[in-house]
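Okay, structure first, notes after.
Side-chain atoms are counted along with the backbone in the values below, which use heavy atoms only and exclude waters and symmetry mates. So that the names make sense, note that chain A is the first sequence line, chain B the second, and so on, each numbered from 1. Remember, predicted model here, so these are calculated numbers, not experimental data.
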There are 2 protein chains.
Amino acid sequence: MTFSAQTFQFFLQSLPIGAELNSAEISSIQSLNVTQKYYPPHTLLTGQGEFEHRIFFMNSGWGCIYRDLANGDRQIIDFPLRGDIMGMRSAEGPNYNSFASVADVSVFEVPAKAFYAMLEQSPRLSSYFMRVTSRQRSIIIEHLTNCGRRSALARTAHLFLEFASRLDAFGSLSENSYECPLTQYELADAVGLTPIHINRMLRELRERKLVSFRNGVVKIHDWYELAALSNFDPDYLVLKTLS
Amino acid sequence: MTFSAQTFQFFLQSLPIGAELNSAEISSIQSLNVTQKYYPPHTLLTGQGEFEHRIFFMNSGWGCIYRDLANGDRQIIDFPLRGDIMGMRSAEGPNYNSFASVADVSVFEVPAKAFYAMLEQSPRLSSYFMRVTSRQRSIIIEHLTNCGRRSALARTAHLFLEFASRLDAFGSLSENSYECPLTQYELADAVGLTPIHINRMLRELRERKLVSFRNGVVKIHDWYELAALSNFDPDYLVLKTLS
DNA sequence: CGCCCACTTGAGTAAGATCAACCCGAGTGG
DNA sequence: CCACTCGGGTTGATCTTACTCAAGTGGGCG
């Protein structure tokens with residue numbers, strides 16, 4: 001049993017995953033070849049087109065999955081947070097999008113093959129990871145809806161509410177406030193706007209006393225109004241603990 | 001062995017899935033509780049919030065997965081075509097989006113539980129279905145990039161090229177032309193524009209001799225120019241046959 | 001000190017939405 | 001058989017949202 005495997009098991013048992021593991025599951029997790037890694041801000045963990053296949057478990061920090069376009073633009077697909085599982089793509093084939101750190105990131109890395117082998121052993125783990133995959137799909141769908149059918153102001157508000165809900169699932173929201181290391185450029189690439197316009201939307205949200213985002217901290221002043229403005233319904237984010 | 005199971009097996013063996021099945025796989029497919037169903041245009045197969053859980057295999061026709069918004073707008077997530085597998089969501093929990101037919105649709109339906117049980121039996125089937133899921137993720141991501149970071153003209157062009165590539169995988173593209181039963185309203189809801197603007201983009205694409213879309217048939221006149229204009233790279237659509 | 005990066009603000013512009021007609025072909029009911 | 005409707009498509013005029021360009025600010029850091 002390695003130290004990494006031990007902290008990995010503890011990670012699985014804590015929020016937001018909250019796994020209640022039986023002894024068979026514990027032993028198969030303990031025998032997994034896990035390594036805990038730390039990445040500084042703005043480091044590429046896997047790039048578009050790469051073949052090497054690891055599974056990442058976000059332990060802490062903010063990640064960023066995105067797609068680079070030929071003209072230099074990019075589209076951010078999602079910002080993985082604690083508990084999110086990255087890299088569950090098809091067994092073969094190159095990676096379709098890039099995964100980087102935004103702020104300091106701590107992850108657990110597992111070779112894909114070993115991970116899939118473990119899933120085959122435990123139907124409970126396997127069904128949990130299917131739920132995770134399905135939730136990630138819902139998140140991407142919500143981002144698509146955001147870009148396609150909501151105004152700039154609503155999009156921005158929606159994103160801040162999504163972060164709040166997700167962070168709340170593991171206790172990183174306190175008094176409707178949370179730390180957010182994103183720049184306005186990153187927000188812009190996530191919701192399909194220019195950074196300049198994001199800036200104006202932030203100002204409006206601040207002046208209307210709905211949310212403020214300054215010095216890396218977001219404070220939600222009026223959750224109800226924000227949810228109404230942005231059509232936010234947190235249903236797509238629910239993910240029951242592994243129990 | 002039911003008649004439906006027989007035609008279902010034949011469906012799996014034909015393009016685009018092209019499965020080469022061994023006898024164990026054939027017998028587990030044959031014992032599956034499959035029903036073949038036909039739906040007229042604009043019929044809801046499963047709605048947002050429903051709990052009943054079936055897996056759908058698109059046999060022919062055009063489907064439509066979408067999300068309804070409170071204000072009456074909607075965002076179309078994808079148009080499933082032959083070979084696409086729908087409903088692979090988390091084992092529990094309500095359906096997060098709606099699935100309807102656009103034109104006449106023929107599908108195979110399997111109860112989710114039985115289907116997952118079958119996957120546990122065959123690692124080859126299971127890895128194939130993971131690839132399918134992963135490709136669907138890529139498609140949604142591409143739609144998100146489309147909405148977030150491409151112009152109206154590029155979005156429209158991109159969608160037509162995507163259809164062409166997908167249809168080509170099972171021989172429904174001939175001489176760069178294919179049948180497309182979508183209305184301009186549906187195109188608009190897919191790419192996040194108004195139907196009026198879609199109409200103008202269609203006119204421009206037609207006048208520039210790039211694509212035409214009239215009377216339910218799309219004809220691609222200049223694939224190369226279109227791909228350049230819309231930044232289209234078909235990599236995200238590749239899905240190896242099950243062999 | 002000076003540079004760089006993120007953020008901020010203003011002015012002008014362009015892309016796409018909105019509003020309002022109108023056409024046309026397929027039903028449909030008198 | 002004709003009038004009517006209805007759904008899809010087409011076009012023009014106008015308006016709004018968000019982009020572009022440009023010029024700041026201010027903090028952090030070598």
[X] side-chain proximity, nearest of [options]:
X: A/Tyr185; options: D/dG12, C/dA6, C/dA17; result: C/dA6
X: A/Ala152; options: C/dG16, D/dC19, D/dA18; result: D/dA18
X: A/Leu193; options: C/dG16, C/dC7, D/dC19; result: D/dC19
X: A/Ile196; options: C/dC7, C/dT9, D/dG8; result: C/dT9

Answer with yes or no whether B/Arg200 presents, from its side chain, a donor or acceptor under 3.5 Å of a partner atom in the base of D/dG9.
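Under the 3.5 Å cut-off, the side chain and the base do not form any donor-acceptor pair.
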
To check you understand the geometry: which heavy-atom pair defines the closest contact between A/Leu182 and A/Phe79, and what is its length?
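Smallest interatomic distance, heavy atoms only, reads CD2-CE2, 3.7 Å.
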
Using modelled atom types only, decide if a donor and an acceptor are shared between the side chain of B/Asp189 and the backbone of B/Glu186 within a distance under 3.5 Å.
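Not at all, since once roles are kept as given, no pair shorter than 3.5 Å links the two residues.
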
Looking at [X], I'd like to know whether one of its side-chain N or O atoms comes within less than 4.0 Å of OP1 or OP2 on [N].
X: A/Thr183; N: C/dA6; value: no
X: B/Arg214; N: D/dT10; value: yes
X: B/Gln184; N: D/dT10; value: yes
X: A/Asn199; N: C/dC7; value: no

Compute the ring centroids of A/Trp62 and A/Phe163, then answer whether they are less than 6.0 Å apart.
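When the ring centroids of A/Trp62 and A/Phe163 are compared, they turn out to be within the sub-6.0 Å range.
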
Pair B/Asp222 + B/Arg208: basic N to acidic O under 4.0 Å
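No, B/Asp222 and B/Arg208 are not salt-bridged.
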
